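FYI, side chains are in, hydrogens and waters are out, and symmetry mates aren't considered; it's all heavy atoms of this structure. As the structure is a prediction and not an experimental result, all values here were calculated from the model.
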Amino acid sequence: MDRNTFTGLFLIMIILGGSFYFFKPSEAELKKAKETERIDSLKKAGAVIAPKDTVIKSSTPVVDSLALKGPFGTAIAGTESTTVLENENLLITLTNKGGKILSVQIKGQKTFDGKPLILFDGGENKFGLTLNAAGKVVNTNDLYFTPTKAGNKVTMRADYGPNAYVEFSYDLKALSNKVGFNINLVGLQQVIAGNTVNLNWDATLLQQEKSIESEHRYSAPYYKYLDGDVNHLNVAKDEKEELTKGKIQWVSFKQHFFSATLIAKQAFDKGSLEVKIPTAPGQVKFYGANMQMPYSHQANQAYELEFYFGTNKFSALKAQGYDLEQQVDMGYWPLKYVNRFIVLPVFNFLNGFGWGYGLIIFALTILLKLALSPLTYKSYLSMAKMRVLKPEMDEIKAKVGEDNPTLVQQEYLKLYKQAGVNPLGGCLPMLLQLPLVMAFFFFFPNLFELRQESFLWMKDLSTYDEFIRFGVKVPFIGDHLSLMCVLMTISTLIMTYFNNQTSGATGQMKYIGYIMPVVFLGVLNSYPSGLNYYYFLANLMTFGQQFLIRKMVDDDKIHALIQQNKARPADEKKKKSKFQQRLDDYMRQQQQQQTKGKK
């Protein structure tokens, strides 16, 4: 490119840049264009709201007179008003704007700071139908319904035209946590297009508990297929799922200890569920449900549904039917079966005595330890045998040498066989106890009965107790220190020390046991004090059991019995198992390979 060509191109670029800068529209012109576009879109929808800069003193929107004469004309504009349904358990506030439930208060329950417990509240929560009527998409959330109340039943109606309307009816029975909800589409068989009607439900759940992190951990939208199991979306991140594997019986906006559930008597055809974690303070999660109902173009198309608003107490949910109790997280397999068919029945039995929950947890721990005492005894006895054999094992290690670990292990196995000792005898009983120990990790955090129940210094057994509050987030620990968690950690460290004395552990094995209690301190510091209280009691009782067993078990007698076994003829000893034979063959092969390698 020569100099003249470059100069020409450079001048053209300057001219183009200058024209874009000097001839661009002003901000006023941009605003005017946006306002014109907004008005045009509203005219196409059949209503024109006053310009943006106009101050409207009335709450009634300004609507084009032609739109008032069209479909749902009398329902396009109106003044918002509320109607209340109330019984012993619920206080339901309905609004004529959308004919929906505006807020739900669970009576007899309080938030962690003593305020009335409200599941959701405000106009941001939406519930309504999306209809393709006369070529227009109509959302009933935008319509003004006419309420009619008779006793504890409210009917909301939005007229489309003469003898054609959308009707929502709500019925709250005495002493019930269910609200009957019926949808009637009357005279719209020639108006609504398609074979489905969409039902949309959006709600933002409010913080009820002291720890919003705990509420995040146990809150998610749940759903159940008509012929399937109960499932839920992700509890830790935003997610949207299409529900297309069959008809859907119910969807539930489940919080930690409370739920808002919509049950379809005829089941939904299909739908989608969504969960988002909001960033605004005091909000737990945003849930969205978009469900499709079949539409057969009847003159009076009726849908029978019902809401459940209430606690996530296992027995209360089970009484509602439809497998709603499966929303209570009892853990994964097999822990959920241990909790549901063993732990929960025992807890309910103890709860029948009317004791405080601190005492019930104490009694539950005693019963559990008594049931597991045979396994605890076998585990201790096996560790005692290994401790007695420790001097002989040290001799073998010194004789063979640490540089030949395969031969050392082979000689150990010979010693175990001669002495009649199973090296896994101490591990197997502990593994059998593990499902019960782990089951409580899910049981206590999801146990509604512990909510706002106090014991000793713990004001609420369903959340952590604050021994020290730091005011800032501390890595690994959080913004507080739980006294019960500290006591649990100390007791675990002490028990680890005595277990090492019992088993005779040395080297790295001696110190590995001290790592887990420290890890649990960071993990369980934000978990319910009731859970840490159980683990603390379990440690104390395990220590007491081991103390009694140690008094009962004589090391000299164990040593004498081992020597007797070693002195028995080989043909009197138990025949070697196939597993043992394979293990010996493997050790022999490893020894031969090492010998060849040295040569």
Fill in: Gap separating the CZ atom of F120 from the CG atom of L206, nearest 0.5 angstrom
9.5 Å

Worksheet item: Does the side chain of L317 reach to within under 4.5 Å of the side chain of K313, using non-hydrogen atoms?
Response: no

Discussion item. Apply side chain to side chain contact (heavy atoms under 4.5 Å, CB included) to residues Q327 and Y218 and explain how you reach the verdict.
Written reply: CA-CA 10 Å; Q327 293 182 92; Y218 300 108; over 6 Å; no

Fill in: Heavy-atom side-chain proximity of T261 to L324 below 4.5 angstrom
yes

Practice prompt. Please step through side-chain hydrogen bond (donor to acceptor under 3.5 Å, both in side chains) for the pair E215 and Q207, ending with a clear verdict.
Written response: CA-CA 8 Å; E215 285 200 88; Q207 181 180 355; 4.7 Å; no

Discussion item. Rounded to the nearest 0.5 Å, what separates atom OG1 in T204 from atom NZ in K126?
Written reply: 10.5 Å

Practice prompt. Mind checking the OG1-CG spacing from T130 to L199? Nearest 0.5 Å is all I need.
Written response: 8.5 Å

Worksheet entry | Verdict with reasoning, L205 to L119, per side chain to side chain contact (heavy atoms under 4.5 Å, CB included) | CA-CA 6 Å; L205 274 62; L119 291 184; 5.9 Å; no

Discussion item. Taking the side chain as everything from C-beta on, heavy atoms only, tell me whether N525 gets closer than 4.5 Å to L481.
Written reply: yes

Discussion item. Tell me if a side-chain donor or acceptor on N312 pairs with a main-chain N or O of V328 at a distance below 3.5 Å.
Written reply: no

Worksheet item: Given F441 and Y527, is the side chain to side chain contact (heavy atoms under 4.5 Å, CB included) satisfied, shown in steps?
Response: CA-CA 9 Å; F441 185 79; Y527 273 71; 3.6 Å; yes

Worksheet item: Below 4.5 Å, heavy atoms only, C-beta onward: do V104 and I101 meet side chain to side chain?
Response: yes

Worksheet item: With a cut-off of 6.0 Å (strictly less than), are more than 12 heavy atoms of other residues, nucleotides or ligands near NZ of K173?
Response: no

Fill in: Value rounded to 0.5 Å, distance of CD in Q301 from OG in S296
3.5 Å

Worksheet item: At their closest point, which heavy atom of Q452 faces which heavy atom of S462, and how far apart are they?
Response: N-OG, 4.0 Å

Discussion item. Closer than 3.5 angstrom, by distance alone: can the side chain of H216 be matched with the main-chain N or O of V235 as a donor-acceptor pair?
Written reply: no

Discussion item. Suppose we call two aromatic rings close when their centres sit under 6.0 Å apart. Are F444 and Y534 close by that rule?
Written reply: yes

Worksheet entry | Considering all heavy atoms, the nearest F520-C485 contact | O-SG, 4.3 Å

Worksheet item: Think R157 forms a cation-pi with Y165, using NZ or CZ under 6.0 Å from the six-ring centre and within 45 degrees of its axis?
Response: yes

Discussion item. Within the 4.5 Å heavy-atom criterion, are L335 and M330 side-chain neighbours or not?
Written reply: no

Worksheet item: Between K473 and E213, does at least one N-O distance fall below 4.0 Å, as a salt bridge requires?
Response: yes

Worksheet item: Would you say K115 has more than 12 foreign heavy atoms packed within less than 6.0 Å of its NZ?
Response: no

Discussion item. For the backbone of M458 and the side chain of S454, can you confirm whether one donor and one acceptor N or O come within less than 3.5 Å of each other?
Written reply: no

Worksheet item: Does F347 have its ring centroid less than 6.0 Å away from the ring centroid of F443?
Response: yes

Item to complete: Look only at the side chain of Q249 and the backbone of Y225, and say whether a donor-acceptor pair between them is shorter than 3.5 Å.
Response: no

Worksheet item: Counting N and O atoms only, with roles assigned by atom type, does the side chain of S529 sit under 3.5 Å from a partner on the main chain of D460, one being a donor and the other an acceptor?
Response: yes

Worksheet item: Is there side-chain contact between L90 and V179, with heavy atoms separated by less than 4.5 Å?
Response: yes

Fill in: 4.5 Å side-chain heavy-atom contact, D202 and N125
no

Worksheet entry | E325 and its salt bridge (Lys or Arg N to Asp or Glu O under 4.0 Å) partner, picked from R340, K336, K318 | R340

Discussion item. Give me the atom names and distance for the closest heavy-atom approach of S214 to H256.
Written reply: OG-CE1, 3.5 Å

Worksheet item: Between I361 and G530, what is the shortest heavy-atom contact and its length?
Response: CD1-O, 4.2 Å

Item to complete: First locate atom NZ of K136, then atom CG of N139, and finally report the distance between them rounded to the nearest 0.5 Å.
Response: 12.5 Å

Fill in: Expected output: side-chain Q208 to main-chain I118 donor-acceptor under 3.5 Å
yes

Worksheet item: With a cut-off of 6.0 Å (strictly less than), are more than 12 heavy atoms of other residues, nucleotides or ligands near CZ of F467?
Response: no

Please table the atom pairs, donor to acceptor, closer than 3.5 Å between any side-chain atom in residues 266-281 and protein atoms at least two apart or in another chain.
residue	atom	partner	partner atom	Å
Q266	OE1	E304	N	3.3
D269	OD1	K247	NZ	2.7

Worksheet entry | Pairs meeting criterion side chain to side chain donor-acceptor pair (under 3.5 Å) with involvement of residues 228-241, two or more places apart | Y223-E241

Worksheet entry | Geometric class of the H480/Y464 ring pair [parallel <30°, tilted 30-60°, perpendicular >60°] | parallel

Worksheet item: So, R469 and D479, do they make that salt bridge, N to O below 4.0 Å?
Response: yes

Worksheet entry | Qualifying ring-ring contact (aromatic ring centres under 6.0 Å, His included) pairs, either residue in residues 175-199, two or more places apart | F127-F181, F168-F181, Y170-F181, F181-F307

Worksheet item: What residues, two or more places apart in sequence or in another chain, satisfy salt bridge (charged side-chain N to carboxylate O under 4.0 Å, His left out) together with E449?
Response: none

Item to complete: Could you please spell out the steps behind the side chain to side chain contact (heavy atoms under 4.5 Å, CB included) verdict for N96 and T146?
Response: CA-CA 6 Å; N96 67 327; T146 301; over 6 Å; no

Worksheet item: About how many Å separate NZ of K153 and CG of D171, when rounded to the nearest 0.5 Å?
Response: 5.5 Å

Discussion item. Which heavy atom of S211 sits nearest to which heavy atom of T463, and what is that distance?
Written reply: CB-OG1, 4.1 Å

Discussion item. Considering only residues two or more places apart or on different chains, which pairs with a residue in residues 281-293 satisfy side chain to side chain donor-acceptor pair (under 3.5 Å)?
Written reply: none

Fill in: Side-chain donor/acceptor of Y303 to backbone N/O of P294, under 3.5 Å
yes

Discussion item. Looking at N200 and A289, would you say the former's side chain and the latter's main chain have a donor-acceptor pair under 3.5 Å?
Written reply: no

Discussion item. Less than 4.5 Å apart, side chain to side chain, heavy atoms only: is that true for W250 and V230?
Written reply: yes

Item to complete: Write out all pairs satisfying side chain to side chain donor-acceptor pair (under 3.5 Å) with one or both partners inside residues 175-198, taking only residues at least two apart or from two chains.
Response: N89-N177, E167-N184, K178-E306

Worksheet item: Taking the side chain from N87 and the backbone from L172, do they hold a donor-acceptor pair closer than 3.5 Å?
Response: no

Worksheet entry | Minimum heavy-atom distance V518-F476, with the two atoms named | O-CZ, 3.2 Å

Item to complete: Please confirm whether the backbone N or O of N163 pairs with a side-chain atom of Y160, one donor and one acceptor, at under 3.5 Å?
Response: no

Item to complete: State yes or no: are the ring centers of Y295 and H297 separated by less than 6.0 Å?
Response: yes

Item to complete: Would you check, one step at a time, whether the test side-chain hydrogen bond (donor to acceptor under 3.5 Å, both in side chains) holds for E242 with T244?
Response: CA-CA 6 Å; E242 299 294 329; T244 57; over 6 Å; no

